[in-house]
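Sequence positions, counted from 1, serve as the residue numbers for this chain.
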Amino acid sequence: MKIDIIATLLVVLLFSCKNKEGTERIAVQKKVGTHTIYALNADEIPKGEGIIAIIGATLINGTGSAPVENSLVILQNDIIDFVGKMGEREIEEDATVIDAQGMTLLPGLIDAHFHGGKHAEMSTLFLKKGVTSVRDPGAWNASYDSARNSGRPIPRLFLTGPHIDVYPPAYPENSYLIQDAEEGRIAVNRFADEGATAIKAYFRLSTEMIAAICDEAHKRGIPVTAHLEITHAMDAIKAGLDGVEHVTSFGTALLPLEEAEIYKNKVMADNEARRSGRYEVWNELDMDNSVLMDTLIQLLVDRKTFVSPTLAVFERQPDRGDSVAVNGFANMLKFVGKAKKAGAKVVVGSHTWVPYADTGDAYYREMELLHKAGLSKMQTIEAATLENAKFFRIDSRLGSIEKGKIADLILLRENPLDDLKALKTVEQVVLNGVLCEFQ
């Protein structure tokens, strides 16, 4: 009898220990996987002091909801304290009042694909144009030191560290090379320790490497985005990608297997083969009767994978491309439109320098092309603001004009719902509750 009692107690004790250990392990995993993402320069951005009341503007809040005419937005230090219509709240006597009648108020724009590290002035120029947050998906953090130390206002910098790639790298200066999946995990932790807000996987990585990178990054609570082309997009998405950079990343997944392998072998042998090859790939696609395309788009929708198409950098018109390039680009536009219509998460990434925009205007051109692809003007604005904030995993604090969020706003002289070119009429940029001044 005593033996039975002792045995029972031991079983209970063992179960309790295992249960406690399991609970602790789950708690640790949850803690590791929960991570608040901040810009690398968050502590360097001046914080607003006092009260600012913006009165009379047409408010487009970034959520896709209907505009609010004759709005009232009140900022308290660096936080949005009130959002509504004129007359719904008293304005404090000591408030700085901005008369915005006839203007349009939007959240600060967010750029998912910015390349400006070596050009310190570009960060300030983009902020002046209304882009208050940027992510550079593939650059050493130190490349932004000159911008951060310039004394000029710059956007919030959400950096990834360099591309994780294998030999031979496409861009040696901005690459961190790995040889296997375990080295991919090590790279993720190194970059996360240095403040990476996302991880960028590059197109020569195997699916196994991408899976390991995604697994490790998700333990650290940060997303993974990738430039593909060689690795099959559907395989990479199933491996755990949170986002895909460039519409061209999907090309090989839309080709018959033999044709895809021919293209991939060309690129493996010569990185420059991508330059014309990507247009040849897209020129051959049947955009109206493709089971592969429908399957891929449905996977993007089901997995809630973000797509940053960077259409503007691939844009080809007859003055800069032959009929293959022009038609190939037209098919890229159609793909993005089909993906958005099906429910895919499409965001704005400028690529900074593009063929059909003046310096500093690449972001605007990308928005125009998304609209041309089939997004409504309101959907395009949402892709530039709240949807991008969701991609960055900062949407609880940024991306829309709502009470309690950080005060990153832009005031336009014209209304982009009438014409997206109105985005070029920036009257005032507010960053962290501070009215930005530019020399």
Side-chain angles (χ1 to χ4, degrees), residues 48 52-75 78-86 98-112 114 125-134 153 155-156 346-350 360-368 370-371 375-392 394-395 397-436 438:
I52 298 175
I54 305 172
I55 65 172
T58 297
L59 171 64
I60 301 173
N61 71 4
T63 67
S65 60
V68 177
E69 303 291 341
N70 199 29
S71 68
L72 171 62
V73 174
I74 298 177
L75 315 180
D78 61 332
I79 299 298
I80 300 169
D81 188 56
F82 177 81
V83 180
K85 293 181 71 70
M86 286 292 294
I98 298 176
D99 185 353
Q101 293 185 52
M103 300 186 189
T104 307
L105 186 64
L106 276 75
L109 306 175
I110 300 173
D111 190 347
F114 179 77
L125 179 57
F126 264 56
L127 179 61
K128 187 176 182 180
K129 300 278 186 176
V131 180
T132 55
S133 294
V134 301
R156 300 179 191 276
V346 177
V347 297
V348 182
S350 73
D361 288 350
Y363 193 94
Y364 302 149
R365 185 57 186 159
E366 183 68 13
M367 291 183 73
E368 292 169 359
L370 289 177
H371 178 49
L375 279 70
S376 69
K377 296 186 186 78
M378 184 65 86
Q379 287 176 325
T380 303
I381 292 169
E382 190 177 357
T385 54
L386 187 57
E387 197 77 326
N388 241 340
K390 291 176 181 177
F391 187 19
F392 284 36
I394 56 173
D395 53 295
R397 310 188 315 276
L398 293 162
S400 60
I401 301 178
E402 298 178 275
K403 179 179 171 61
K405 288 197 170 184
I406 296 172
D408 285 6
L409 318 168
I410 60 172
L411 193 59
L412 308 178
R413 292 186 296 277
E414 298 175 14
N415 191 334
L417 293 179
D418 296 331
D419 188 335
L420 286 176
K421 292 187 185 304
L423 289 157
K424 296 182 179 181
T425 66
V426 176
E427 176 71 17
Q428 180 67 63
V429 176
V430 182
L431 181 67
N432 216 31
V434 174
L435 301 175
C436 293
F438 302 97

Undergrad: Under 4.5 Å between any side-chain heavy atoms of N388 and V348, yes or no?
TA: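 Heavy-atom side-chain distance check passes, below 4.5 Å.
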Undergrad: Residues two or more places apart in sequence or in another chain: which of them pass side-chain contact (heavy atoms from CB on, under 4.5 Å) with R413?
TA: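 In terms of side-chain contact (heavy atoms from CB on, under 4.5 Å), with neighbours along the sequence ignored, R413 is linked to T425, E427.
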Undergrad: Test of understanding: with side chain to side chain donor-acceptor pair (under 3.5 Å), list the residues that count as partners of T385, not counting sequence neighbours.
TA: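 Not a single residue meets the side chain to side chain donor-acceptor pair (under 3.5 Å) criterion with T385.
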Undergrad: Which heavy atom of L398 sits nearest a heavy atom of R156, and at what distance?
TA: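 Closest approach of L398 to R156: CD1-CD, 3.8 Å.
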Undergrad: Run the side-chain contact (heavy atoms from CB on, under 4.5 Å) test on Y363 and K129 for me, step by step, so that the C-alpha distance in whole Å, both residues' side-chain angles and the decisive distance to 0.1 Å come before the verdict.
TA: CA-CA 9 Å; Y363 193 94; K129 300 278 186 176; over 6 Å; no
Undergrad: Where the side chain of D111 meets the backbone of S350, is there a donor-acceptor pair that is under 3.5 Å apart?
TA: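 Yes; judged by distance alone, with no hydrogens or angles, the pair exists.
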Undergrad: Tell me, please, which residues at least two apart from K128 pass side-chain contact (heavy atoms from CB on, under 4.5 Å).
TA: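 Per chain and number, K128 pairs via side-chain contact (heavy atoms from CB on, under 4.5 Å) with F438.
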Undergrad: With rounding to the nearest 0.5 Å, note down the distance linking NZ in K377 to CG in L423.
TA: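 Taking NZ in K377 and CG in L423, the distance rounds to 11.5 Å.
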Undergrad: Going from CG on D78 to CD1 on I406, what distance comes out if it is rounded to the nearest 0.5 angstrom?
TA: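 One gets 6.5 Å once the value is rounded to the nearest 0.5 Å.
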Undergrad: Which distance, rounded to the nearest 0.5 Å, do you find between the CG of L411 and the CD1 of I98?
TA: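 With rounding to 0.5 Å, CG (L411) is 7.0 Å from CD1 (I98).
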Undergrad: Evaluate D81 against K403 for side-chain contact (heavy atoms from CB on, under 4.5 Å), listing each step before the verdict.
TA: CA-CA 5 Å; D81 188 56; K403 179 179 171 61; 3.6 Å; yes
Undergrad: Can you name the closest pair of heavy atoms from G48 and V434 and give their distance?
TA: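 The pair with the smallest heavy-atom distance is N-CG2, 3.5 Å.
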Undergrad: I need the full list of salt bridge (charged side-chain N to carboxylate O under 4.0 Å, His left out) pairs touching residues 60-73, with sequence neighbours left out, sorted by first then second residue.
TA: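 Output for this query is empty, none listed.
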Undergrad: Please list, chain by chain and in numerical order, all residues satisfying side-chain contact (heavy atoms from CB on, under 4.5 Å) with E382, sequence neighbours excluded.
TA: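 Applying side-chain contact (heavy atoms from CB on, under 4.5 Å) to E382 gives none.
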Undergrad: To the nearest 0.5 Å, tell me how far D395 CG sits from E387 CD.
TA: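 Interatomic distance, D395 CG to E387 CD, rounded to 0.5 Å: 9.5 Å.
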Undergrad: Once you round to the nearest 0.5 Å, how far does CE of M367 lie from CG of L109?
TA: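 So the gap between those two atoms works out to 6.0 Å.
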Undergrad: Name all residues meeting the ring-ring contact (aromatic ring centres under 6.0 Å, His included) criterion together with F392; count only those two or more places apart in sequence or in a different chain, and write none if there are none.
TA: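 So F392 forms a ring-ring contact (aromatic ring centres under 6.0 Å, His included) with F158.
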Undergrad: Is there a donor-acceptor pair closer than 3.5 Å between any side-chain N or O of S71 and the backbone N or O of A57?
TA: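 At least one qualifying donor-acceptor pair exists.
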Undergrad: How close do T132 and G108 get, heavy atom to heavy atom, and via which atoms?
TA: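 Residues T132 and G108, closest heavy atoms: OG1-CA, 3.2 Å.
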Undergrad: Using 0.5 Å steps for rounding, measure from the CG atom of L72 to the CD1 atom of I54.
TA: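 So the gap between those two atoms works out to 9.0 Å.
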Undergrad: Any donor-acceptor pair under 3.5 Å linking the side chain of K405 with the backbone of R397?
TA: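 Looks like no, no N/O pair under 3.5 Å.
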Undergrad: Please assess I60 against M378 for the test side-chain contact (heavy atoms from CB on, under 4.5 Å), listing each intermediate value before the final yes or no.
TA: CA-CA 9 Å; I60 301 173; M378 184 65 86; 3.9 Å; yes
Undergrad: Tell me, do D419 and E414 make a side-chain contact under 4.5 Å, heavy atoms counted?
TA: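 No; the side chains remain at least 4.5 Å from each other.
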Undergrad: Do the non-hydrogen side-chain atoms of P107 and L386 ever get within less than 4.5 Å of each other?
TA: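 A side-chain contact under 4.5 Å is absent here.
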Undergrad: Do C436 and L127 come close enough that some side-chain heavy atom pair is under 4.5 Å?
TA: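 Yes, close enough: below the 4.5 Å cut-off.
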Undergrad: Side-chain contact test, heavy atoms from C-beta onward, threshold under 4.5 Å: evaluate it for M86 versus I55 and give yes or no.
TA: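 Heavy-atom side-chain distance check passes, below 4.5 Å.
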Undergrad: Looking at P67 and L417, what are the two nearest heavy atoms and their distance?
TA: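 Result for this residue pair: CG-CD1, 3.4 Å.
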Undergrad: If every non-hydrogen atom of V83 is compared with every non-hydrogen atom of L59, which pair is closest and at what distance?
TA: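 Closest heavy-atom pair between V83 and L59: CG1-CD2, 3.5 Å.
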Undergrad: Ignoring hydrogens, what is the shortest heavy-atom contact between L106 and I401? Give both atom names and the distance.
TA: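 So the two residues come closest at C-CD1, 3.4 Å.
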